[in-house]
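Order of the sequence lines sets the chain letters (A, B, ...), proteins ahead of strands, with each chain counted from 1.
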Amino acid sequence: MAKQYWLFKTEPDCFSIEDLRQSPGMTTSWSGVRNYLARNILRDQVKVKDEVLFHHSSSDPVGIAGTCVVTRSGYPDPTQFDPESQYFAPKATLDSPIWYTVDVKFQLKLSELIPLSLLRQTPGLEKMMVCQRGARLSVQPVTAEEWRVVQALIKKTGSIT
DNA sequence: GCCAACGTTGGC
DNA sequence: GCCAACGTTGGC
């Protein structure tokens with residue numbers, strides 16, 4: 001299958017691109033997604049080697065902070081089985097898990113975050129999901145063309161790897 | 001299965 | 001802090 005592209009949202013106070021860069025193996029499990037549509041995407045569509053825009057939400061400014069790559073496709077989110085976790089799901093069992101996660105590895109961190117306001121002004125990104133009003137989905141598809149346009153912005157902005 | 005009430009997300 | 005969008009819950 002051709003490589004696919006995604007956008008993952010996270011609140012940097014909770015987990016930032018820098019947190020990912022400093023994680024063991026620069027890799028993390030994208031656990032804690034508790035929305036069914038996002039769950040279905042993680043479980044069914046996100047594949048190893050797919051590339052991901054790492055998006056900071058509820059920050060100032062909000063926007064793309066870096067990129068990462070999928071290193072493990074959908075598997076049951078361990079936090080749903082952990083009574084100590086804020087993501088614990090009492091009804092989930094090992095035999096019938098409810099929530100899924102994927103693993104992602106750090107690729108690059110932008111020298112400066114690319115603000116959502118800039119994305120909205122950039123030709124070619126008018127239809128990008130994150131640019132739409134009220135787009136709350138935390139795991140979003142990104143088209144190959146949108147990815148290409150964002151790559152140009154990343155090159156222009158500068159980044160560290 | 002409908003839909004009102006309620007809760008959460010997230011940009012501003 | 002506000003509030004629009006939208007997801008979830010639960011009574012019927």
Side-chain angles (χ1 to χ4, degrees), chain A residues 4-23 28-46 50-68 70 74-104 106-143 145-147 149-154 156-157 159:
Chain A
Q4 307 171 105
Y5 304 99
W6 310 98
L7 180 146
F8 289 2
K9 284 190 206 170
T10 172
E11 299 190 11
D13 289 347
C14 176
F15 191 82
S16 70
I17 188 72
E18 186 59 23
D19 291 331
L20 177 59
R21 197 170 73 88
Q22 294 181 13
S23 294
T28 195
S29 175
W30 204 258
S31 56
V33 172
R34 294 295 181 268
N35 168 279
Y36 285 103
L37 187 47
R39 184 280 306 268
N40 292 348
I41 293 172
L42 292 178
R43 185 189 59 193
D44 304 332
Q45 293 187 249
V46 177
D50 284 358
E51 292 186 274
V52 177
L53 297 174
F54 194 107
H55 187 269
H56 283 182
S57 65
S58 298
S59 60
D60 187 19
V62 302
I64 294 170
T67 67
C68 51
V70 178
Y75 65 98
D77 180 347
T79 63
Q80 70 193 304
F81 307 122
D82 176 7
E84 301 300 312
S85 170
Q86 61 169 314
Y87 301 118
F88 180 56
K91 290 181 184 169
T93 64
L94 289 170
D95 284 341
S96 56
I98 301 171
W99 304 110
Y100 284 75
T101 184
V102 301
D103 288 354
V104 292
F106 176 86
Q107 262 186 333
L108 63 83
K109 174 185 174 182
L110 273 298
S111 306
E112 293 170 45
L113 175 148
I114 298 173
L116 180 58
S117 57
L118 177 60
L119 297 180
R120 289 204 167 114
Q121 293 167 19
T122 301
L125 300 183
E126 295 87 353
K127 292 182 178 171
M128 194 172 179
M129 191 181 286
V130 74
C131 294
Q132 308 308 308
R133 193 150 171 272
R136 298 197 313 180
L137 192 61
S138 64
V139 174
Q140 304 182 358
V142 171
T143 68
E145 174 60 14
E146 287 162 355
W147 180 266
V149 172
V150 173
Q151 287 309 302
L153 292 176
I154 289 173
K156 208 164 130 187
T157 304
S159 61

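Between the side chain of A:E146 and the main chain of A:T143, a donor-acceptor pair closer than 3.5 Å is present. Using a distance-only test at 3.5 Å, with no hydrogens or angles considered, a donor-acceptor pair links the side chain of A:S23 to the main chain of A:D19.
Among the nucleotides B:dG11, C:dA4, C:dG7, the one closest to any side-chain atom of A:R133 is C:dA4.
Taking atom NE2 of A:H55 as the reference point, atom C1' of B:dG11 lies 10 Å away to the nearest angstrom. For A:L37 and B:dT9, the CG to C1' distance is 15 Å, given to the nearest whole Å. The separation between A:L137 atom CG and B:dT9 atom P is 13 Å, rounded to whole Å. Residue A:L7 contributes atom CG, which lies 11 Å from atom P of B:dG10 at whole-angstrom precision. Computed from coordinates, the A:K9 NZ to B:dT9 P distance equals 11 Å when rounded to whole Å. Counting to the nearest Å, the P atom of C:dG7 and the CH2 atom of A:W99 are 13 Å from each other. At whole-Å resolution of the value, OH in A:Y87 and C1' in B:dT8 are 13 Å apart. Between A:L116 atom CG and B:dT9 atom C1' the separation is 14 Å, expressed in whole Å.
Residues passing the ring pair (Phe, Tyr, Trp, His ring centres under 6.0 Å) test with A:W99 are A:Y36, sequence neighbours excluded. In this structure A:Y100 satisfies the ring pair (Phe, Tyr, Trp, His ring centres under 6.0 Å) test with no other residue, sequence neighbours excluded.
Note on A:R39 versus A:D77: no salt bridge recorded, every NZ/NE/NH1/NH2 to OD/OE distance being 4.0 Å or above.
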Atom pairs, protein N/O to nucleotides 1-3 of chain B N/O, distance under 3.5 Å:
none

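Among the protein residues, A:R120 comes within range of the sugar-phosphate backbone only, with heavy atoms under 4.0 Å from sugar or phosphate atoms but none that close to a base.
Summarising the geometry, atom CD belonging to A:Q121 is positioned 10.0 Å from atom CG belonging to A:L116; distances are rounded to the nearest 0.5 Å.
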